[in-house]
Amino acid sequence: MMSVGNLPTIQALKDEPVSGTNEPTNDTIIVEGYHASNDGGGGIFNYDASSSAADDGGLVIQPTSGSGRWIRQWEGALNVRWFGAKGDGSMATEEIQSAIDSAQGFEVGDTSVPNVFFPSGRYGIDETITWKSAGLVGEQTKVGTQLIWAGSVVGTMLEKDALSVGSASNGILRDIALVNGANMPSTFIKFPGKLDAAMTMQRLRFEGCSGDCIVFEDGWFNFFMDHVRFEIIGGFCINAKVWFEVPPNKPRKEQNLSSFSIQDFTIDNRTPGVGPPIKAPGMFLFDNSAANASNAGVIRFADARLEVNEAWDGVTPGVVVLKSAASAPNKRWCAVEFENVAYQDVGNVMPNDVLLFHDATGDFAPAIVTLVNVRQEGLSSILGGNWQSWRFPLQGSYPLAYLSAQTGATEEFAPMTGLVVFNELDGGTKRAFLSRVLGDVNDRWHVRANGVMAWGDGTNSVDTNLYRDSPNVLATDDAFRVNASSRIHSGTGVPAGSLGTNGDFFLRTDGSPGSALWFKASGAWSSIA
């Protein structure tokens, strides 16, 4: 017959006497708390005389003397307070790691790993926690769940273990604030390996790190984030390496970043209350610079407020920075989308900062760049960096769209110097803008970096131009038609009879008196001035 008893703490459960036949006085015990009654770490435990499972500090408790184990009765998520975490600001590194490790133990075949739950409270972390398969879920109450860094200035709070079974699958981080303590960590979350499916992060706050907040060191992932706030970030909020390492002579050609979406978020790079100012290099970095035939999918930013209170460090002058290699097969960006995004410089307007910066010497760029309802007060331009050749996103049937884009000055903020700025095109003949009709093999129209505009029929190279010849003089090397029946030609000497058609004019440029201007009628040229 089952007997039930009560004990105040887990330590009292450990010390519960076990008889010589390995049977305790009570085979079921209600424990009131982990360290003290009602601290959230208690539960119901059944005694299993035949068990020799390892004591994990939360689900399996080994008696101080005797054999057998006390097994917690539970369902749902694993509570970190079951493993001894107090939530009062004290260190909880070992207790949290024990909960994550215990959850990982349930990964067998297709069995789901339970989430790890953090009740409202403050949990100190002084060493890197290895995040495995389990989702990490907090509680959004008046106090909320806070993970507080108490380690060194070069530490990482969470590091995903890509080698664990099931960790390269759907991942969850939700309802948690990750903040600094006396020191700032260099990184809050690091993903050292590829993620096969999707990573979802919701209702989070990141506050106070000296380097990049979230780092993806290897690509091949899908990432979705919403309802997030970044504050006092010394590096990029997200630094993602899209490409991934492959064995020698075995290139892979998958689309490594299938999709990246962050929405309903705020970035405030304000200075901390103490210590030196935080000067970030930008806000988001996507690195596709390795020559291993990797691709990148859609990157989307929506419903965001971006506030800059400290000037950036000037290394990479872009809110979003794309990096590409000089050349590689199939290396390109599919799309970058901005929707309902407000950027705001607060007293730190910088001369060369842009919304989207392409950091590369090669010509691989996004096929589509779309802006919908974007405010960029204080930015020098929307695009910057190197956008070479016809791969610039204005080409083809996928144009750069400016819908309700605010570009004017306000009383508080300096105006933008231009919507699109090309300040690093190497050589005056590089094309900044161009257009083609579907099926064309050459440009119908383009503007070069040196200001020359040129036109063609889309089949052959451009054959007509317009440019600045000298101060206050606009010129063309070709004919200029005034209306449907008249054109103006220019050249030296007498115009050839085969030149032009009736109604055309010819301007002689070699300065012969009395024959500077000619008119063609009835198939012949006549001097009129």
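Note that the coordinates shown come from a computational prediction; the quantities given were computed from them, not determined experimentally.
Judged by distance alone, the side chain of Lys520 and the main-chain N or O of Gly497 form a donor-acceptor pair under 3.5 Å. When atom types are taken as modelled, the side chain of Asn183 and the backbone of Gly151 share a donor-acceptor pair closer than 3.5 angstrom. Of the possible donor and acceptor atoms, one in the side chain of Ser486 sits under 3.5 Å from a partner among the backbone N and O of Gly503. Asp226 contributes no side-chain N or O that, together with a main-chain N or O of Gln202, makes up a donor-acceptor pair within less than 3.5 Å. Judged by distance alone, with hydrogens and angles left aside, the side-chain atoms of Asp212 form a donor-acceptor pair with the main-chain N or O of Phe236 at under 3.5 Å. Checking side-chain atoms of Arg444 against main-chain N and O of Gly456 turns up no donor-acceptor pair under 3.5 Å. Proximity of a side-chain donor or acceptor of Thr128 to a complementary backbone N or O of Thr156 within less than 3.5 Å is detected. The backbone N or O of Ala134 lies less than 3.5 Å from no partner atom in the side chain of Asn115, so there is not a single donor-acceptor pair.
In this structure, Val341 and Leu306 have side chains that are in contact, with non-hydrogen atoms separated by less than 4.5 Å. At least one side-chain heavy atom of Arg300 sits less than 4.5 Å from a side-chain heavy atom of Glu337. Counting heavy atoms from C-beta outward, Leu147 and Phe188 have side chains that stay 4.5 Å or more apart. In this structure, the side chains of Cys213 and Ile238 stay at 4.5 Å or more apart for every pair of heavy atoms. At a threshold of 4.5 Å between non-hydrogen side-chain atoms, the residues Tyr467 and Asn450 do not count as touching. Ile189 has its side chain within reach of Leu173: a pair of non-hydrogen atoms, C-beta onward, lies under 4.5 Å apart. Annotation: side chain of Phe519 is not in contact with side chain of Ser526 (no heavy-atom distance under 4.5 Å). With contacts defined as side-chain heavy-atom distances shorter than 4.5 Å, the pair Lys241/Phe216 does not qualify.
Closest approach of Met283 to Val308, counting heavy atoms only: CE-CG2, 3.7 Å. Nearest heavy-atom pair, Gly234 versus Pro281, reported as atom, atom and distance to 0.1 Å: O-CD, 3.6 Å. Between Asp443 and His446 the shortest heavy-atom distance is OD2-ND1, 2.8 Å. Here the shortest heavy-atom pairing between Gly235 and Ala280 reads O-CB, 3.4 Å. For the pair Cys237 and Ile267, the tightest heavy-atom approach, listed with the atom from each and the gap, is SG-CD1, 3.6 Å. Considering every non-hydrogen atom in both Pro495 and Trp525, the closest pair reads CG-CG, 3.6 Å.
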Item checked: CA sep, side-chain torsions, deciding dist, call: Met199, Met225, side chain to side chain contact (heavy atoms under 4.5 Å, CB included) -> CA-CA 8 Å; Met199 176 58 59; Met225 174 179 276; over 6 Å; no

Note to self: Before you tell me yes or no, could you show the steps for Ile125 and Trp149 under side chain to side chain contact (heavy atoms under 4.5 Å, CB included), namely the whole-Å CA-CA distance, both residues' side-chain angles and the distance that decides it to 0.1 Å?
What the structure shows: CA-CA 5 Å; Ile125 297 175; Trp149 181 250; 4.0 Å; yes

Note to self: Is there a side chain to side chain contact (heavy atoms under 4.5 Å, CB included) between Leu322 and Ile299? Walk through the geometry before answering.
What the structure shows: CA-CA 11 Å; Leu322 308 179; Ile299 300 173; 4.3 Å; yes

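In this structure, CD on Glu307 lies 4.5 Å from CG on Asp268, to the nearest 0.5 angstrom. How far CG of Asn465 is from CE of Met453: 10.5 Å, rounded to the nearest 0.5 Å. From Arg508, atom CZ reaches atom OG of Ser515 across 4.0 Å, with rounding to the nearest 0.5 Å. Separation of atoms CZ (Arg229) and CD (Glu231) is listed at 4.0 Å; rounding is to 0.5 Å. Separating the CG atom in Asn239 from the CD1 atom in Ile214 is a distance of 11.0 Å, to the nearest 0.5 Å. Summarising the geometry, atom CG belonging to Asp477 is positioned 8.5 Å from atom CG belonging to Asp469; distances are rounded to the nearest 0.5 Å.
Take Lys190 and apply the salt bridge (charged side-chain N to carboxylate O under 4.0 Å, His left out) test, not counting sequence neighbours, and it matches Glu217. Taking Phe230 as the reference, Phe206 meet the ring pair (Phe, Tyr, Trp, His ring centres under 6.0 Å) condition, with sequence neighbours excluded.
For the pair Arg203 and Asp175, the salt-bridge criterion is met [side-chain N within less than 4.0 Å of a carboxylate O].
Between Phe223 and the options Phe284, Phe260, Phe191, a ring-ring contact (aromatic ring centres under 6.0 Å, His included) holds for only Phe260.
Using a 30° and 60° split on the angle between ring planes, Phe301 and Phe338 fall in the parallel class, below 30°.
Judged as a side chain to side chain donor-acceptor pair (under 3.5 Å), the pairs with a partner in residues 489-499 (not counting sequence neighbours) are, in order, His489-Asp504.
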